Amino acid sequence: MRNFDDTSDGWPALLGAVGDVPRRYFGVWSRTLLETPNSRDTRTLVRWMQLGQWHVDLRVPQTASGALQGFCGTTRITQVGTQEMCTWQRLADYQPPRATSDEGWIVFETADRLREDGVHSVYFEEWERLPGSTGRRMALTEPPRADGKPSTRLFVSGDYMMRVRPVDPIGPAFEISFGKYAQGRLQVEASTIASLTGTNIGIALSQVRDDQVNVSMDSLDSQWAILEWVVP
């Protein structure tokens, strides 16, 4: 695993050094509850993938009043006295920039269930880790695009993959897709692009060097840089 701070692929530079996230955070987390002083939500489909440094988060409402959300970046865990604070540095965000940092106090209630309480606002969330979401961890970035737009990134945790294509800051072309990944196929469970939900996408990966992987996708083969690669 290495810090990757090359902005030639159109992504923002990292802000400061990135340390490794503790192993207890690894995997894909499903949010089961959000409570604020004025609302309670158990219906929004939320998936948070956490690798050793990188995260991807997708939030797809199941009601007409909900807001589609998604973001991707790096994660930092900080001890503050007896408490543990998680900071999500958003390098790509489907929504407009936040007025405050994305930070939460984290308490592990069991090995596979955690609680998050707001640092800058009053809320709490309950999260449960999906079975089969730990083991291999991969984060890959596409070579710089000829059109100058941000490159696609792929993230794998256990049996799951998330694809991030932030080709526009906000809008219908901004993709974060989530689903099961097996035998070189991504079965999309949810996406910021509704038409991709339920589709099956061929994405074959084969490591060619310590820092590069051959990716076969969209009928094209290319060499992608490794941001993180742990395959037991």
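In this text, all values refer to a predicted model and were calculated from it rather than measured experimentally.
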### Message
For T134 and R129: C-alpha separation, side-chain torsions, deciding distance, then whether side-chain contact (heavy atoms from CB on, under 4.5 Å) applies.
### Response
CA-CA 9 Å; T134 59; R129 183 168 18 222; 3.8 Å; yes
### Query
Is a side-chain donor or acceptor of T44 paired with a backbone partner of P61 at a separation under 3.5 angstrom?
no
### Path from W48 to L51 over hydrophobic side-chain contacts below 4.5 Å
no
### Same apolar cluster (I L V M F W Y, side chains within < 4.5 Å links), L227/W11
yes
### Query
Is W224 reachable from M161 through a run of hydrophobic residues whose side-chain heavy atoms are each under 4.5 Å from the next?
yes
### Query
Applying the side chain to side chain contact (heavy atoms under 4.5 Å, CB included) test to F124, which of T36, L33, L34 qualifies?
L33
### Query
Is the distance between the ring centroids of Y25 and F108 less than 6.0 Å?
yes
#### Entry: ILVMFWY network linking V215 to I226, side-chain heavy atoms under 4.5 angstrom
yes
### Interatomic distance, H55 atom NE2 to Q50 atom CD [nearest 0.5 angstrom]
7.5 Å
### Task
State plainly whether the residues R24 and E84 are in salt-bridge range, i.e. N to O under 4.0 Å.
yes
### Message
Rounded at 0.5 Å granularity, tell me how far CZ in R43 sits from OG1 in T63.
### Response
6.0 Å
### Message
Please say yes or no: joined through hydrophobic side-chain contacts below 4.5 Å, possibly via intermediate residues, are V56 and L114 part of one cluster?
### Response
no
### Query
Can you tell me how far the CG atom of L186 sits from the CG atom of L154, to the nearest 0.5 Å?
8.5 Å
### Message
Return the OG1 to CG distance between T74 and L91, rounded to the nearest 0.5 Å.
### Response
5.5 Å
### Message
On the six-membered ring of W127, is R115 placed so that its NZ or CZ lies under 6.0 angstrom from the centre and within 45° of the ring axis?
### Response
no
